[in-house]
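Read the structure below first, then the notes.
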Amino acid sequence: MNMPNDIPALDSETKANLAKIAAAVRVLSIDAVQKANSGHPGLPLGCAEIGAYLYGIAMRHNPKHSSWINRDRFILSAGHGSMWLYSLLHLSGFKVTLEDIKNFRQLHSITPGHPESHETDGVETTTGPLGQGIGNASGQALGLKLLAAKFNTEKQSLFDSKVYCLVGDGDIMEGVSSEVSSLSGHLCLNNLIVIYDANKVSLDGPLSDSCSENTKERYKAYGFEVFEMDGHDFDDIHRTMTLARKDQKQPRLIIARTIIGKGSPNRAGTSKVHGSPLGPDELKLTKEALGLPLEPFYVSQSVYDYFAKKLKEQEALEEAWNKKFAAWKQENPALFDEFVKMQEKSLPTDIEERLYKIEIKNPIAGRNASNAVIQELCKTMPFIYGGSADLSCSDMTWIKEADAVKPGSFKGRNIKFGVREFGMATMATGMAETGMIIPYIGTFLTFSDYMRNAIRLASLMKVQVVYQFTHDSIFLGEDGPTHQSIEHYAALRAIPNLHFIRPGDSNEVKMAWLAALTYKGPTALSLSRQNLPELKETKVPYSQGMGRGAYIVMKETRKPDYMLVATGSELSLALDIAKELEKLGKSVRVISMPCFEIFEEQDASYKESVFGGDLGKRVSIEAGVEFGWHKYIGREGIAISMDTFGLSAPAPELAEEFGFTVPSILERIL
């Protein structure tokens with residue numbers, strides 16, 4: 001093919017080497033899938049040339065130091081094609097051995113069915129549920145733009161890398177891809193390059209059975225510059241990738257025309273090659289058709305030699321950056337201090353004292369108390385960036401002394417994600433994956449349903465993201481049952497590795513933020529819309545209160561007649577009930593339990609000291625479903641809870657209607 005004048009053509013030797021890399025990718029992938037008797041051979045066969053070019057030519061990274069901060073990043077959104085990625089990681093020198101390739105999809109291998117960033121060197125994020133990879137890629141691109149705006153100077157550009165993302169038809173169809181692509185185009189994330197494997201086949205059959213949109217025009221409407229290329233022609237790939245990498249003002253979409261399962265005589269171009277091994281006979285026919293060696297897992301020594309030579313170039317690339325960084329550090333000591341703070345995400349040694357000193361009016365809504373905490377944290381913690389799904393004035397996420405991020409301008413710390421909750425959550429994960437940002441994002445708790453799968457993947461990876469969920473119960477009032485959270489506490493508590501915290505007053509809100517900042521994983525804060533009184537009982541050291549997950553806020557005077565345990569806005573109600581019970585001569589223990597997960601991390605003796613023994617009649621009080629409470633109150637315990645959806649009415653009337661008042665609860669438990 002003819003090259004534009006400013007793009008030199010690939011020489012014949014380079015093309016020959018790339019062809020050998022593509023061949024190795026195909027062999028390793030289809031052999032590994034066959035050995036596992038499980039997997040997806042279609043994408044590796046169809047995208048082998050694209051992968052060979054990305055890892056053999058385009059990517060600026062260092063496989064021997066995969067965490068180099070200014071590396072190009074590659075994300076396989078179409079995570080079912082994981083063997084394609086594992087093959088490339090192995091060939092290019094990451095910590096993926098041939099034995100790892102042979103153990104594809106086996107127990108405790110580092111080559112699981114879909115890529116997992118916490119398992120495999122060189123995997124930038126965990127993908128599989130379609131669409132989320134492009135969300136993570138968009139978030140990483142945004143995070144790198146924020147870092148560039150903060151640290152690049154006129155003299156030295158520390159952050160100038162690209163984020164590549166390979167998507168398939170499934171990713172393009174998933175709604176989340178629309179959310180993140182729309183925002184990426186709006187913000188002009190010109191460091192994002194999306195490669196669309198347009199093979200016109202989905203898992204269930206031809207793409208034409210379910211989709212006839214014009215993806216090119218769709219992405220142009222988002223604000224992307226769109227290219228098209230032959231995904232099997234190295235000259236065309238080279239021309240297109242070179243153009244896509246050049247300085248531009250927009251993100252790029254490259255539509256790559258490919259044949260799924262290329263080379264398979266009986267399955268190429270059909271859905272039959274998508275999700276099952278070729279089988280011994282078709283495997284042999286495919287290798288013969290493509291001129292591949294029949295020897296299982298065969299890789300030409302020349303491929304390893306090629307990448308060994310390339311590795312020296314990549315190490316030199318990082319070394320040149322290190323010298324630039326050293327000069328930058330010398331000339332910008334204040335910026336360097338900020339850089340270290342963001343890398344280490346270090347907290348002030350007196351963080352707990354600082355938090356307790358924040359003056360907050362009484363009573364105050366949980367959302368407003370959290371906003372006051374955010375303002376204080378942002379003064380000394382440059383790694384904190386906030387955003388909201390078009391609700392910052394209501395979920396109280398806005399950083400008052402910071403600007404908003406705007407198209408092409410990334411100096412701000414407030415991100416307006418628009419009404420794109422799922423996309424926001426995937427992008428927050430990507431921002432955190434830069435390693436220098438703790439993002440917090442806000443919306444109403446009921447809309448966590450839109451975000452759930454992104455929260456789940458963040459929890460699987462243990463990525464440090466804070467979700468500020470407000471309007472967290474029926475007591476938001478007149479907006480009614482469409483917005484009133486009922487089942488959401490239980491639903492979020494069910495996700496492993498997620499800390500779901502429902503603080504009962506401003507003291508617990510302060511300590512909830514300390515919990516979120518010290519936990520190396522995701523945290524969901526569940527905050528009230530309505531005002532809550534500050535409770536003297538909750539002003540205890542972190543290590544004795546929030547840091548334990550559950551703690552005694554009112555001690556019994558003798559053997560308890562009642563044990564009351566509550567969270568959030570119902571904590572003050574529990575204390576009021578306890579006082580009435582004491583007037584009746586009853587002995588009562590009251591437990592605040594803002595976080596089940598932190599409590600379950602405590603040692604057995606502490607857990608026994610809080611919930612163990614004969615505590616009388618056990619009662620939980622929480623304005624959500626009772627699911628999960630009987631572990632702590634027993635089968636005979638009384639769960640004051642919600643077993644229906646709410647209603648539209650002022651909060652006091654809802655409290656009467658659903659029995660969340662002192663008289664109602666006393667009548668039920670006495």
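Worth knowing before you read on, the calculation uses all heavy atoms, side chains too, and leaves out hydrogens, waters and symmetry mates. Owing to the predicted nature of the structure, the values given are computational and were not obtained by experimental measurement.
Ion pairing between Glu319 and Lys323 fails under the 4.0 Å rule for side-chain N and carboxylate O. At a threshold of 4.0 Å, the pair Asp72-Arg245 counts as salt-bridged, since one of the basic side-chain nitrogens sits closer than that to a carboxylate oxygen. Between Arg60 and Asp160 there is a salt bridge, since a side-chain N of the basic residue sits under 4.0 Å from a carboxylate O of the acidic one. The pair Glu124-Arg71 meets the salt-bridge criterion, since a charged nitrogen lies less than 4.0 angstrom from a carboxylate oxygen.
Every residue meeting the side-chain hydrogen bond (donor to acceptor under 3.5 Å, both in side chains) condition with Thr125, not counting sequence neighbours, appears here in chain and number order: Asn136, Glu433. Scanning for salt bridge (charged side-chain N to carboxylate O under 4.0 Å, His left out) contacts around Asp100 gives an empty result, with sequence neighbours left out. Considering only residues two or more places apart in sequence or on other chains, Phe227 meets the ring pair (Phe, Tyr, Trp, His ring centres under 6.0 Å) condition with none of them. Take Asp11 and apply the salt bridge (charged side-chain N to carboxylate O under 4.0 Å, His left out) test, not counting sequence neighbours, and it matches no residue. In this structure, the side-chain hydrogen bond (donor to acceptor under 3.5 Å, both in side chains) partners of Tyr196, at least two apart in sequence or on a different chain, are Asp169. Every residue meeting the side-chain contact (heavy atoms from CB on, under 4.5 Å) condition with Ala327, not counting sequence neighbours, appears here in chain and number order: Gln156, Glu331. Contacts of Arg252 classified as salt bridge (charged side-chain N to carboxylate O under 4.0 Å, His left out), with partners at least two apart in sequence or in another chain: Glu225. Taking the salt bridge (charged side-chain N to carboxylate O under 4.0 Å, His left out) definition, one finds that Glu376 meets it with Lys379, sequence neighbours left out. Remark: Glu179 pairs with Arg420, Phe422 by the side-chain contact (heavy atoms from CB on, under 4.5 Å) rule, at least two apart or across chains. Under the rule for a side-chain hydrogen bond (donor to acceptor under 3.5 Å, both in side chains), Thr349 has no partner lying at least two apart in sequence or in another chain. With sequence neighbours left out, Ser177 forms a side-chain hydrogen bond (donor to acceptor under 3.5 Å, both in side chains) with Arg218. For His61, the ring pair (Phe, Tyr, Trp, His ring centres under 6.0 Å) partners at least two apart in sequence or on another chain are Tyr55, Phe94.
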Worksheet entry | Evaluation steps, salt bridge (charged side-chain N to carboxylate O under 4.0 Å, His left out), between Lys309 and Glu313 | CA-CA 7 Å; Lys309 180 181 177 183; Glu313 299 169 3; 5.3 Å; no
Discussion item. Would Glu315 and Lys312 count as a salt bridge (charged side-chain N to carboxylate O under 4.0 Å, His left out) here? Give the steps.
Written reply: CA-CA 5 Å; Glu315 289 174 332; Lys312 293 178 181 178; over 6 Å; no
Discussion item. Go through it in stages, so that I can follow the logic: the residues are Thr127 and His114, the test is side-chain contact (heavy atoms from CB on, under 4.5 Å), and I'd like the CA-CA distance, side-chain angles, deciding distance and then a yes or no.
Written reply: CA-CA 6 Å; Thr127 56; His114 293 84; 5.6 Å; no
Worksheet item: Can you list the steps and then say if Thr240 with His238 is a side-chain hydrogen bond (donor to acceptor under 3.5 Å, both in side chains)?
Response: CA-CA 6 Å; Thr240 307; His238 178 59; over 6 Å; no
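Put simply, the side chain of Asn152 gets close to the backbone of Phe159: a donor and an acceptor are under 3.5 Å apart. Put simply, the side chain of Asp235 never gets that close to the backbone of Ala9: no donor and acceptor are under 3.5 Å apart. Using modelled atom types, no side-chain atom of Thr120 and backbone atom of Ser117 make a donor-acceptor pair closer than 3.5 Å. Panel note: side chain Asp121, backbone Lys95; a donor-acceptor pair is recorded below 3.5 Å. Proximity of a side-chain donor or acceptor of Gln140 to a complementary backbone N or O of Phe74 within less than 3.5 Å is not detected. Ser77 contributes a side-chain N or O that, together with a main-chain N or O of Ile134, makes up a donor-acceptor pair within less than 3.5 Å. For the pair Ser92 (side chain) and Leu88 (backbone), a donor-acceptor distance under 3.5 Å is present.
Aromatic pair Tyr304/His90: centroids less than 6.0 angstrom apart. Taking the six-membered ring for Trp and the full ring otherwise, the centers of Phe469 and Phe444 sit at least 6.0 Å from each other. Separation of the Tyr385 and Phe410 ring centroids does not fall under the 6.0 Å cut-off.
A donor-acceptor pair shorter than 3.5 Å cannot be found between the side chains of Tyr467 and Thr523. Between the side chains of Trp513 and Ser370, a donor-acceptor pair is found at a separation under 3.5 Å. Under 3.5 Å, the side chains of Gln250 and Asn190 contain no donor-acceptor pair of N or O atoms. Judged purely by distance below 3.5 Å, without hydrogens or angles, the side chains of Gln468 and Asp395 never pair a donor atom with an acceptor atom. Judged purely by distance below 3.5 Å, without hydrogens or angles, the side chains of Ser82 and His80 never pair a donor atom with an acceptor atom.
Around the CD atom of Glu213, the shell of radius 6.0 Å holds more than 12 heavy atoms that belong to other residues, nucleotides or ligands.
Taking each heavy atom of Ala22 and Phe234 in turn, the nearest pair found is CB-CZ, 4.4 Å.
Taken from CG in Leu18 to CG in Leu54, the straight-line distance is 10.5 Å, to the nearest 0.5 Å.
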